[in-house]
Amino acid sequence: MDNLTFDKGFKSGFITVVGQPNVGKSTLVNKLIGEKINIISRKAQTTRNRIQCILTLDKAQMIFIDTPGIHRPKDKMGKYLNEIAYESLREIDLVLFMVDANYKPNDQDKKIATQLAHASSKPTLLVLNKVDTVSKNDLATRINDYQKLGEFTDIITISAQKGINLDDLTEIIVDYLPEGPKYYPDDMITDQIEQFIVSELIREKILKFTHQEVPHSVAVEVTRFKERSDKDLIEIGANIYVERKSQKGILIGKGGSMLKKIGKSARADIENLLSTQVFLDLWVKIKDDWRDKEDALKMLGYKG
């Protein structure tokens, strides 16, 4: 981030979005940025890496850190995801604690609120999402329930999916950001390399189309990313890793039908992202119990 520009009155800062899985963190960030950067799924453990997305306005720049949902870990992968989420609280300027307005606070919400109180002295906004699915009376009760979890700088109710109150949320975020430089160029929306986003888009389609054991035990590694010089085309090769032979069979499907379905859907999103035609070549491979092996986690980019 060399050659940072400082304009009087310009605000900037790093914002971390924390909360349980499935409360809508990735949907919110994607809606605010206006691009599909973070993968979205109803299944837990969708986001595995800390992803920085950038929203630049005339008078402010927001750098959103979308973290894995904080949950009860069952393996080394789960513990790693929680570590990332809590590490994101360091050296940030604002915390968004996101919850689902459909449910009362549970033990995990209480744990997150306690962790926030101890780990961050920065402003914390309580964001109740999915208000479009809750009655006004129930919402008032729910706000009161969550207020009891701790001291929040501000509270706002939104629907990330429907776009309700997102402009108000943006204004509130800007209010709490300090004056600072423009860290990234105006047209930059993420600091992640294209290959990483491609792997996440492929993984999203696997989460969407498969069920049972496959989603939590799948990882994607982009092995080839080559721009053709003779035509407007990018050739992409990727390995999909699972832990057992039965999972490989599910992903491939009868006559390769499932893998073709995943590839077709992923290719459409990737072409939209890269604004060019894409040739996508997917292979399914077995890596036994990779979620509990340090070397496998490192190879797949989940540990530094």
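- Using a 4.5 Å cut-off on side-chain heavy atoms (C-beta onward), Phe225 and Ile234 make contact.
- What you find for Leu57 and Thr170 is that their closest heavy atoms are CD1-CG2, 3.8 Å.
- Distance check: Leu166 CG to Leu28 CG gives 6.5 Å after rounding to the nearest 0.5 Å.
- In summary, the side chains of Asp109 and Gln20 do present a donor paired with an acceptor at a separation below 3.5 Å, with no hydrogens or angles considered.
- When all heavy atoms of Thr27 and Ala160 are compared, the pair lying nearest together is CG2-CB, 3.9 Å.
- In this structure, Glu227 places its CD atom where only 12 or fewer heavy-atom neighbours from other residues, nucleotides or ligands lie under 6.0 Å away.
- Shown here is Asp167, whose CG atom has no more than 12 heavy atoms of other residues, nucleotides or ligands within 6.0 Å.
- Taking CD1 of Ile250 as the reference point, atom CD1 of Ile252 lies at 11.0 Å (rounded to 0.5 Å).
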Assess whether side-chain contact (heavy atoms from CB on, under 4.5 Å) is satisfied between Leu201 and Ile270, documenting all intermediate values. CA-CA 7 Å; Leu201 289 175; Ile270 295 167; 4.0 Å; yes
With side-chain contact (heavy atoms from CB on, under 4.5 Å) as the test, would you mind laying out the steps for Phe97 and Leu116 before giving the verdict? CA-CA 9 Å; Phe97 176 26; Leu116 288 175; 3.8 Å; yes
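- When the salt bridge (charged side-chain N to carboxylate O under 4.0 Å, His left out) test is applied to Asp138, no partner is found at least two apart in sequence or on another chain.
- Contact annotation: the side chain of Thr157 approaches that of Asn165 to within less than 4.5 Å [non-hydrogen atoms, C-beta and beyond].
- In terms of modelled atom types and a separation under 3.5 Å, the side chain of Gln247 and the main chain of Glu243 share a donor-acceptor contact.
- Residues Ile155 and Leu149 share a hydrophobic cluster, clusters being chains of Ile/Leu/Val/Met/Phe/Trp/Tyr side chains in contact below 4.5 Å.
- Here the straight-line distance linking atom CD of Gln161 with atom OG1 of Thr133 works out to 11.0 Å at 0.5 Å rounding.
- In this view, Asp230 and Arg228 satisfy the salt bridge (charged side-chain N to carboxylate O under 4.0 Å, His left out) rule, not counting sequence neighbours.
- Side-chain contact between Thr153 and Lys122 is absent, with no heavy atoms from C-beta onward closer than 4.5 Å.
- Ile63 places none of its side-chain heavy atoms less than 4.5 Å from the side chain of Ile15.
- The structure places CG of Asn272 at 12.0 Å from OG1 of Thr276, a figure rounded to the nearest 0.5 Å.
- Remark: Ile54 CD1 to Ser12 OG distance equals 12.0 Å, nearest 0.5 Å.
- Ile286 and Leu259 fall within the same hydrophobic cluster, defined by Ile, Leu, Val, Met, Phe, Trp and Tyr side-chain heavy atoms under 4.5 Å apart, directly or through other members.
- Phe152 approaches Tyr146 most closely through the heavy-atom pair CE1-O, 3.3 Å.
- Hydrophobic clustering, with ILVMFWY side chains joined whenever heavy atoms are under 4.5 angstrom apart, keeps Val198 apart from Phe279.
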Decide side-chain contact (heavy atoms from CB on, under 4.5 Å) for Val99 and Val127; before the verdict, give the C-alpha distance in whole Å, the side-chain angles of both, and the deciding distance to 0.1 Å. CA-CA 6 Å; Val99 299; Val127 181; over 6 Å; no
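- The shortest non-hydrogen separation linking Leu94 to Pro123 is CD1-O, 3.4 Å.
- Taking OG1 of Thr16 as the start and NZ of Lys25 as the end, the distance is 10.0 Å to the nearest 0.5 Å.
- Between Leu128 and the options Ile143, Ile158, Ile156, a side-chain contact (heavy atoms from CB on, under 4.5 Å) holds for only Ile143.
- Residues satisfying the side-chain hydrogen bond (donor to acceptor under 3.5 Å, both in side chains) criterion with Lys11, sequence neighbours excluded, are absent altogether.
- Judged by distance alone, the side chains of Asp186 and Thr56 never bring a donor and an acceptor atom under 3.5 Å apart.
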What pairs of donor and acceptor atoms, side-chain ones from residues 173-181 against any protein atom, are under 3.5 angstrom apart with sequence neighbours left out?
unit_1: Tyr176; atom_1: OH; unit_2: Asp154; atom_2: OD2; d: 3.3

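- Between Asp58 and Phe10, the shortest heavy-atom distance links the atoms O-CE1, 3.7 Å.
- For Ser257, the side-chain hydrogen bond (donor to acceptor under 3.5 Å, both in side chains) test picks out no residue, with sequence neighbours left out.
- Side-chain polar atoms of Asn239 and Thr223 form no donor-acceptor pair below 3.5 angstrom.
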Please test Ile206 against Ile240 for side-chain contact (heavy atoms from CB on, under 4.5 Å), starting from the C-alpha separation and ending with a verdict. CA-CA 9 Å; Ile206 296 168; Ile240 300 171; 3.7 Å; yes
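- Scanning all heavy atoms of the two residues, the minimum distance from Ile202 to Ile262 falls at O-CG2, 4.3 Å.
- Across Phe64, Tyr183, Tyr184, a single residue satisfies ring pair (Phe, Tyr, Trp, His ring centres under 6.0 Å) together with Phe14, and that is Tyr183.
- Heavy-atom contacts from other residues, nucleotides or ligands closer than 6.0 Å to CD of Gln277 number 12 or fewer.
- Evaluation of the salt bridge (charged side-chain N to carboxylate O under 4.0 Å, His left out) rule for Asp145 yields Arg142 as partners, not counting sequence neighbours.
- Side-chain contact between Ser159 and Lys130: absent, with no pair of heavy atoms (C-beta onward) separated by less than 4.5 Å.
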